[in-house]
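Reviewing the structure listed below.
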2 protein chains.
Amino acid sequence: MLPKKTKYAIKALTALAKVYYDKKPLRISQISETEKIPRKFLEAILLELRHQGFVASKMGVTGGYYLSKHPEEIMLSHIIRATGGPIALLPCVSLNFYETCEECPHEELCSLREVVLEVREASLKILSKTSLTDLILREKKLIRNAKK
Amino acid sequence: MLPKKTKYAIKALTALAKVYYDKKPLRISQISETEKIPRKFLEAILLELRHQGFVASKMGVTGGYYLSKHPEEIMLSHIIRATGGPIALLPCVSLNFYETCEECPHEELCSLREVVLEVREASLKILSKTSLTDLILREKKLIRNAKK
DNA sequence: TAAATATACTACTAATTTAGTGGGAATTGA
DNA sequence: TCAATTCCCACTAAATTAGTAGTATATTTA
Ligand code: FES
Ligand code: FES
């Protein structure tokens, strides 16, 4: 399961993506209200996302946050890895958080590893091709279809 | 990431599956040694697996554990759910551990939900068709190929 | 029938992770 | 100057994970 932090990060970044072309920053309090994310927690998350290069900010009374990359470039896999850690089910098949499996004598002969590797590939295939833009387009489609 | 408990459970059940046709129970201490699982922890895990109907046991000096189902019937998805909880990335798309997403006003209009639903389907497709027998066969194949 | 050797079961504990919160410093615009 | 904003550090509280301890109960065998 994804931590709440990751879910909040995705929601917040999507909110920023929606106003990407406005050229005006969005305040933490605004995002916090519309996305129902605890104010102070969101503040900490956005700060981290800034350090990781996803967003930039402006201080002061007209301040706020804005995306520092194009929303098409920000993939779900990036956000998950930046905030939540591994996508893989076991450390021995994680690309970004690899750790050796102590109990398995030979990783290359481990059938469980083979299977969870397949799972990671299947998950990553989806998560690494879905961008913030995709999320927004999908939402529009969902709303359009619901109205019919 | 899967908890160690789940990984240990898979390992232990696979060990039991390997001797399924011997009609003799395997002692906790034997499994603990060959699979390098902490003795007392394994004891607790096997006890739980018995309560869940995966294994049965015999007490006393000739006692031990044995599978109470055919190894082809025990799928990775079953073991994960029994010991580790959800396979889904978010509770709103979990089949067995569903919880509503508080922050999302309309689940049916949530694009993030749509994507994690796809991920769950892709993962489950693999995990629900891989049985203990499959793990054993895969291991044999890995060993055979390594020898070449 | 008693000893030896298993599992059964309850009840803890210790470490880690998650989900936050509080409060003040720095920056900016009016 | 002052009001509104982000920046940043230091905490805390609750939940989860990864075990462990100790005793009771069952079974075989000498
Ligand atoms: S090597 Fe990771 S599960 Fe065996
Ligand atoms: S409904 Fe679960 S993420 Fe939106």
Side-chain angles (χ1 to χ4, degrees), chain A residues 1-12 16 24-33 35-52 54-66 68 80 82-86 89-91 97 99 101-103, chain B residues 1-12 16 24-33 35-68 80 82-86 89-91 97 99 101-103:
Chain A
M1 299 267 290
L2 297 178
K4 288 212 163 186
K5 185 177 168 184
T6 299
K7 194 188 164 192
Y8 291 159
I10 296 171
K11 292 263 170 194
L16 292 175
K24 275 198 302 182
L26 215 51
R27 291 194 307 275
I28 294 177
S29 55
Q30 287 179 285
I31 304 171
S32 160
E33 280 161 31
E35 304 299 330
K36 293 188 191 159
I37 303 170
R39 168 71 213 260
K40 270 301 222 177
F41 196 17
L42 177 60
E43 190 182 315
I45 293 167
L46 284 170
L47 204 59
E48 203 180 315
L49 289 173
R50 183 172 68 88
H51 290 138
Q52 305 235 24
F54 288 92
V55 298
S57 65
K58 198 187 166 208
M59 289 181 86
V61 68
T62 56
Y65 280 90
Y66 52 95
S68 58
I80 292 174
T83 61
L89 293 179
L90 288 174
F97 300 86
E99 272 178 75
C101 268
E102 318 271 315
E103 314 91 39
Chain B
M1 300 269 288
L2 296 177
K4 289 214 164 185
K5 185 177 167 183
T6 299
K7 194 190 163 192
Y8 291 159
I10 295 171
K11 291 264 169 193
L16 293 176
K24 275 198 299 183
L26 214 52
R27 289 194 308 275
I28 293 177
S29 55
Q30 287 181 285
I31 304 172
S32 160
E33 280 161 31
E35 305 297 331
K36 293 188 193 159
I37 304 170
R39 167 71 215 261
K40 271 301 220 179
F41 196 17
L42 177 60
E43 190 183 316
I45 293 167
L46 284 169
L47 201 61
E48 204 181 315
L49 288 173
R50 183 172 68 90
H51 290 314
Q52 303 234 28
F54 289 90
V55 297
S57 66
K58 198 189 165 205
M59 289 180 88
V61 69
T62 57
Y65 279 90
Y66 51 95
L67 290 187
S68 59
I80 293 174
T83 61
L89 293 179
L90 288 174
F97 300 86
E99 270 177 75
C101 268
E102 318 270 313
E103 313 92 37

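Per chain, numbering begins at 1; letters A, B, ... match sequence-line order. Given the structure is predicted, the values throughout are model-derived calculations rather than measurements. Worth knowing before you read on, the calculation uses all heavy atoms, side chains too, and leaves out hydrogens, waters and symmetry mates.
Checked against side chain to side chain contact (heavy atoms under 4.5 Å, CB included), B:R27 has the following partners two or more places apart in sequence or in another chain: B:S29, B:Q30. Applying the side chain to side chain donor-acceptor pair (under 3.5 Å) rule to B:T83 yields the partners B:T6; only residues at least two apart in sequence or on another chain are considered. Judged as a ring pair (Phe, Tyr, Trp, His ring centres under 6.0 Å), and not counting sequence neighbours, B:F97 has no contacts. Every residue meeting the side chain to side chain donor-acceptor pair (under 3.5 Å) condition with B:E103, not counting sequence neighbours, appears here in chain and number order: A:K7.
Closest approach of A:L42 and A:I28 over heavy atoms only: CD2-O, 3.6 Å. Here the closest heavy-atom approach between residue B:G53 and residue B:S68 is recorded as O-OG, 2.8 Å.
Taking 4.5 Å as the limit, some side-chain heavy atom of A:K11 sits within range of a side-chain heavy atom of A:I37. By the 4.5 Å heavy-atom criterion applied to side chains, A:P38 and A:Y8 are counted as neighbours.
Between the CD atom of A:E48 and the P atom of C:dT18 there is a distance of 12 Å, rounded to whole Å. Atom C1' of nucleotide C:dA6 and atom OH of B:Y66 are separated by 14 Å, given to the nearest angstrom. The separation between B:L16 atom CG and C:dT7 atom C1' is 14 Å, rounded to whole Å. Rounded to an integer number of Å, the gap from CG of A:L47 to P of C:dG20 is 17 Å. In this structure, B:L49 atom CG and C:dT7 atom C1' are separated by 14 Å, rounded to whole Å. One atom, CZ of B:F41, and another, C1' of C:dT13, lie 14 Å apart when rounded to the nearest Å.
Using a 4.0 Å heavy-atom distance criterion, A:R39 is classed as a base contact.
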Close N or O pairs between protein and nucleotides 14-17 of chain C (under 3.5 Å):
none

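In the helix from C:dT1-D:dA30 to C:dA30-D:dT1, the terminal helix axes, each the rotation mapping four pairs' C1' atoms onto the next four within five end pairs, subtend 0°, rounded to 10°.
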At under 4.0 Å between heavy atoms, how does the protein contact nucleotides 24-30 of chain C? Give one character per nucleotide, 5' to 3', with B, S or -.
--BBBS-
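Bounding nucleotides for the chain B contact on DNA chain D, 5' to 3', at a heavy-atom distance below 4.0 Å, are D:dA18 to D:dT28.
The CD1 atom of B:I45 sits 10.5 Å away from the CD1 atom of B:I31 when rounded to the nearest 0.5 Å. A:L16 CG to A:L26 CG: the interatomic distance, rounded to the nearest 0.5 Å, is 5.5 Å.
Legend: salt bridge (charged side-chain N to carboxylate O under 4.0 Å, His left out) pairs involving residues 38-55 of chain B, not counting sequence neighbours, sorted by first then second residue: B:K5-B:E48, B:R39-B:E43, B:K40-B:E43.
Across residues 26-33 of chain B, B:R27, B:I28 each have a non-hydrogen atom less than 4.0 Å from an atom of DNA chain C (numbered order). Near DNA chain C, meaning a heavy atom under 4.0 Å away, the residues from residues 3-10 of chain A are A:P3, A:K4, A:K5, A:Y8.
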N/O donor-acceptor pairs under 3.5 Å from side chains in residues 57-66 of chain B, not counting sequence neighbours:
unit_1 : atom_1 : unit_2 : atom_2 : d
B:K58  : NZ     : B:T62  : OG1    : 2.9

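Between the B:E99 side chain and the B:P91 main chain, no donor and acceptor come within less than 3.5 Å of each other.
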